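Below is one structure, written out as structure tokens; the observations come after it.
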Amino acid sequence: IDLKTIKPQSIEKSAARQSFKELFEELEKVVSLWSWESKDQLSYITSALILCVFQEAFHWRPIIYLSGAQGTGKTLFADLMSKLFGSLIDVVDKCTSYAIQQHFGHDSRVGFFDEFEHYSSEAQQIAILNLIKSACKGGKTVGAKMYGGRSRSYFVKHMFFLSSISFPSYIRKDQAVKDRMVIFNL
């Protein structure tokens with residue numbers, strides 16, 4: 001799939017001239033370019049993308065997990081989301097839970113963690129998942145120490161996407177994460 005050949009307008013421009021149904025159908029056509037494990041997933045992943053726009057209005061937000069072999073288009077999907085949604089989607093590269101607190105605190109962007117299996121350690125991945133788990137259900141006020149000994153509070157209440165080739169085994173052990181996760185396979 002070549003993003004240069006996909007010419008959907010941003011969601012903001014499309015919504016101004018289309019009904020919601022037309023917008024959904026246009027987005028679903030683009031999403032159908034990926035080889036989803038099941039065609040039944042197509043309308044669900046499209047719905048998840050639409051949910052990004054409204055995620056701030058919900059008390060509970062899912063963790064969307066994209067799984068697939070190398071070369072199936074997970075990173076390309078993240079790029080497409082960024083192209084369609086602009087500053088609403090933030091594709092994040094290998095960071096810590098503290099960086100996530102600072103980066104996402106007090107705004108309503110949706111985070112996309114690509115190649116989640118490559119984050120430096122299992123402990124770091126677990127810390128990120130624990131933060132995401134709290135952010136998905138009602139949000140969480142967290143504190144972070146700043147240089148100079150001062151601290152600052154951040155309220156993290158967001159929807160997050162994760163993608164990886166392999167499904168981390170410790171996620172299977174954390175029922176709270178599993179309960180919040182919607183898995184889409186490529």
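Quantities reported herein were computed from a predicted structural model and do not represent experimental measurements.
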Which heavy atom of [X] sits nearest to which heavy atom of [Y], and what is that distance?
X	Y	value
P62	M159	O-CG, 3.6 Å
V91	A78	CG2-O, 3.8 Å
K74	G68	NZ-O, 2.9 Å
F85	V53	CE2-CG2, 3.6 Å

Can you tell me how far the [atom1] atom of [X] sits from the [atom2] atom of [Y], to the nearest 0.5 Å?
X	Y	atom1	atom2	value
L80	L33	CG	CG	8.5 Å
E115	S163	CD	OG	7.0 Å
I45	I50	CD1	CD1	11.5 Å
I126	K173	CD1	NZ	8.0 Å

Query raised in the report: Is the count of non-hydrogen atoms from other residues, nucleotides or ligands lying under 6.0 Å from Q70 atom CD greater than 12?
Result: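 It does not: Q70 CD has 12 such atoms or fewer within range.
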Could you check whether any side-chain N or O of [X] sits under 3.5 Å from a backbone N or O of [Y], counting only pairs where one atom can act as donor and the other as acceptor?
X	Y	value
E22	S19	yes
S82	D79	no
W34	G73	yes

Does any non-hydrogen side-chain atom of [Y] lie less than 4.5 Å from one of [X]?
X	Y	answer
V31	L49	yes
F77	D114	no
C52	I89	yes
L51	I64	no
L162	I132	yes
L66	W36	yes
T72	I165	no

Query - Pairs satisfying salt bridge (Lys or Arg N to Asp or Glu O under 4.0 Å), at least one member in residues 33-52, at least two apart - result: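 Listed by first then second residue: nothing to list.
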Query - Of all pairs that satisfy salt bridge (Lys or Arg N to Asp or Glu O under 4.0 Å), the ones with a partner from residues 174-183, not counting sequence neighbours - result: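 Sorted pair list: K133-D174.
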Requested in this report: Report the residues that fulfil side chain to side chain contact (heavy atoms under 4.5 Å, CB included) with E28, sequence neighbours left out, ordered by chain and then residue number.
Outcome: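 Side chain to side chain contact (heavy atoms under 4.5 Å, CB included) list for E28, sorted by chain: F24, L42, S43, T46.
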Query - Trace of the side-chain contact (heavy atoms from CB on, under 4.5 Å) decision for I183 with N185 - result: CA-CA 6 Å; I183 302 169; N185 297 302; 3.7 Å; yes
Query raised in the report: Between F184 and Y65, does a side-chain contact (heavy atoms from CB on, under 4.5 Å) hold up when you go through it step by step?
Result: CA-CA 6 Å; F184 296 102; Y65 184 86; over 6 Å; no
Requested in this report: Name the orientation class of the two ring planes belonging to F112 and F161 (parallel below 30°, tilted from 30 to 60°, perpendicular beyond 60°).
Outcome: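 F112 vs F161 ring planes: parallel.
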